[in-house]
Every structure is written in structure tokens, then in C-alpha cells.
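Written out below as C-alpha cells is the structure these notes cover.
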2 protein chains.
Amino acid sequence: MDTKTSLESQLKAAGRRMTPQRKLILSILDETGDHLDAEEVYRRAKKINGNLNIATVYRTLSILKDMELIEQRYFARDHSVEYYESVNKGEHYHFTCLGCRKIIEVETPKIVQVQKEFSALTGAKFTHACVCFEGYCASCVNDEENLTL
Amino acid sequence: MDTKTSLESQLKAAGRRMTPQRKLILSILDETGDHLDAEEVYRRAKKINGNLNIATVYRTLSILKDMELIEQRYFARDHSVEYYESVNKGEHYHFTCLGCRKIIEVETPKIVQVQKEFSALTGAKFTHACVCFEGYCASCVNDEENLTL
DNA sequence: CTTGCAATTGCAAATGATTCGCAATTGCAA
DNA sequence: TTGCAATTGCGAATCATTTGCAATTGCAAG
């Protein structure tokens, strides 16, 4: 897989060793389409290597974060839901449905526009934006209307 | 004070009692212009009432959150900085300078526009948005240029 | 102004996620 | 093949937050 090779080679380039534990964690991060938190990465990896320790997962995620290969992101207004995501997914944001907990990806240039406007106005330089939207998706809005209105 | 009276009366309306501890916490939340986390609310309150316990602060903040009188918000991409803010401050967002840790408030209608667009497109209903920007403010950008470029 | 009782408090212990110290193990370059 | 620094597993430490519980206290009803 493309990203995997790249993750591996980037780690190596940074002078890191490629252990079976790391390969496993990288492949899980790489091959999933889901949004995983540290615990879930651990759960999945542990199924394959029962000996794996959660500290190793945290250590690996921490290295990847430091190298900016993944980002730690959050869902929900109170940030109760956390996950890690490969940085090469491109600029996008998330909407969490409070009804069914579904995550919908939101694409829009407007956030970047806000950053540009603000930069032009103040001279500031942006490095990152964290954006989470919360509400009810179309089908949950309907359900709600049927039940309560 | 306006908000204070309203916070007190809203709590009472919800059947809660007005203890000295709560009054103190409410007044701190109300009168500060700063962004306070639970620890800082506790620190400030404790100066006035040395007997106050931090569990009481957490309990009070929790009640206010449940009643949607304050919001729990976060700064910084990794959400390492948390604070509570009165909900009646109106729609605004924050930019955290990674150099000097200064917080700059960002005002823009674009975030709401994104929400409207997305709603129109998908039929979803928004309840909240959490938006944090991160980067370097104008003077830190200059410092950086002088030092490293 | 009393009285009673549920709400609230302080405290200490529990929790849950994450990190750390350390000894044992293991990649990998020479 | 070897040596050593990087990495691992483990258990203990940490840190913010929550909880159980007994003592205290608002406040409403008499």
C-alpha cells in the first residue's frame, strides 16, 4: 500500500526502527477508513498480536504526531470523541450527528478563506485549524419531527 | 451585574440553591474577561474562600454546562487548552498564537455560511460548531523571520 | 422564626486515559 | 555475527475529573 510504504520509509528516514508492533499499528492506521482513537487502534492490533501493550500504541501514535504524519482530531463539541487521522487526507471537516452518531465529512473552501482574510487583516500565519460541527443529520431531523412535533 | 443576576435566577428557576460557593464561582465566570479552565476558576475562587473544594467547582461547571449557560471550549489543535465561556458572548472563534500563546478572537460570518450551505445540501440541522485556529501572530511571525530566515 | 429535609458541600478514594521508569529484548549497521 | 541504542512490556505514577458518603445548609412550609 502506498501510504504504508511511505509511513514506513518516513519513519526509517527519521532513524526509527521498524518493529513488528509498529508495522501492525501503521497498517491498521493505514488501511482503515474508520476514525480510530488510541484505544481502538490497540483493540484491533491486539487481536493480531496478543502480546502488544497499549503503551506501545501510545508511543507510536506520539511519534507519528510529532512527525506530523497523523493528526489528533476530535469529534463533538465537548471533544468527547477523539481519533487519529492520516494528514494526507486533505483539507476537510466533520459533522457529527447527535442522533445516530454518524460522521459526515464536510468539504468547503470557506474555512481556508477565513484564514486568509484573518491573515490579511492581522498579519498572522496559520498552521492548523480544528473544526467540528455538531447537529442532526437529515434522517434524524425527520425522526425527531415525527416524534416530538 | 446583568449576566450574574440572570445566571443566579436561571439556576433558581431550575430549582437549584444559591450557596456562597456557587455565588463565588458564578461571579468569577461572570466578571472575568479571561478564558478560564476549571483549575483557574478554582484557584481564583479559593483565594476568596479558602475552604472551597475543587469538586464543587467541577460540579458547578457541570450544572452550568448541562443548562447550556456556559460552553466548554478548547484552544489549540490538540485541545490541550480548555476553558469555559459564557454562551451569551455571541458567535466568535479563536486563534491561538503558538509563539506567545496569545488568544485572538476571530469574527466572521463564513462559519455560519458553511453551516447553512451544508444544511441546504444535506438537510442536516446544526446545533454547534467548535472552531479553533492555530498559528503565529504578526509579531511572532516577525520575530521568527528575524531569527531564522 | 422555627423546623425538616433534600440539595449541596468537603473530603478522600476511585476512575480512566495517558505517561514514565526500568529491565529485558531486538533491530540493524558495521 | 556482534554490539549497542532503540524499542518493548510491565507495572507504577500521574493528572484531571468524578463519585460515595457523612456532615452541613439553603430554603420553603408551617
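Without hydrogens or angle criteria, A/Ser119 side chain to A/Ala124 main chain gives a donor-acceptor distance under 3.5 Å. With hydrogens and angles disregarded, a donor-acceptor distance shorter than 3.5 Å links the side chain of A/Thr122 to the backbone of A/Phe118.
Between A/Ser62 and B/Asn49, the residue whose closest nucleotide on DNA chain C is further toward the 5' end is B/Asn49. Along DNA chain D, the nucleotide closest to A/Arg22 and the one closest to B/Ala55 are compared, and the more 5′ of them pairs with A/Arg22. Of the two residues contacting DNA chain C, namely B/Arg59 and B/Gly15, the nearest-nucleotide position lying further toward the 5' end is that of B/Gly15.
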- Message: Would B/Leu29 and B/Thr60 count as a side chain to side chain contact (heavy atoms under 4.5 Å, CB included) here? Give the steps.
- Response: CA-CA 11 Å; B/Leu29 285 174; B/Thr60 303; 5.9 Å; no

- For B/Lys110 and A/Glu117, what are the C-alpha separation, side-chain angles and deciding distance, and is it a side chain to side chain contact (heavy atoms under 4.5 Å, CB included)? CA-CA 11 Å; B/Lys110 286 215 159 63; A/Glu117 274 173 19; 2.4 Å; yes

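A/Glu8 and A/Arg22 are not joined by a salt bridge, as no carboxylate oxygen comes within less than 4.0 angstrom of a charged side-chain nitrogen. The pair B/Glu40-B/Arg44 meets the salt-bridge criterion, since a charged nitrogen lies less than 4.0 angstrom from a carboxylate oxygen.
When rounded to the nearest whole Å, the span between CG of B/Leu61 and P of D/dT18 equals 9 Å.
Among the atoms of the strands shown, none is found under 4.0 Å from any heavy atom of B/Glu39. Using a 4.0 Å heavy-atom distance criterion, A/Ile54 is classed as making no nucleic acid contact.
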- Given Watson-Crick or G-U pairs with both distances under 3.5 Å, what dot-bracket string fits DNA chain C, with | for other-strand pairs and [ ] for crossing? ||||||||||||||||||||||||||||||

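Side-chain nitrogen and oxygen atoms of A/Asn53 include none within less than 4.0 Å of the OP1 or OP2 phosphate oxygen of D/dT8.
In this structure, CD1 in A/Ile25 is found 10.0 Å from CZ in A/Arg59, a value given to the nearest 0.5 Å.
Taking both residues in full, the closest heavy atoms of A/Tyr42 and A/Ile54 are given as CE1-N, 3.4 Å, listed atom of the first, atom of the second, then distance.
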- Message: Walk along nucleotides 24-30 of chain C from 5' to 3' and tag each nucleotide B, S or - by protein heavy-atom contact under 4.0 Å, base first, then sugar-phosphate.
- Response: --BBS--

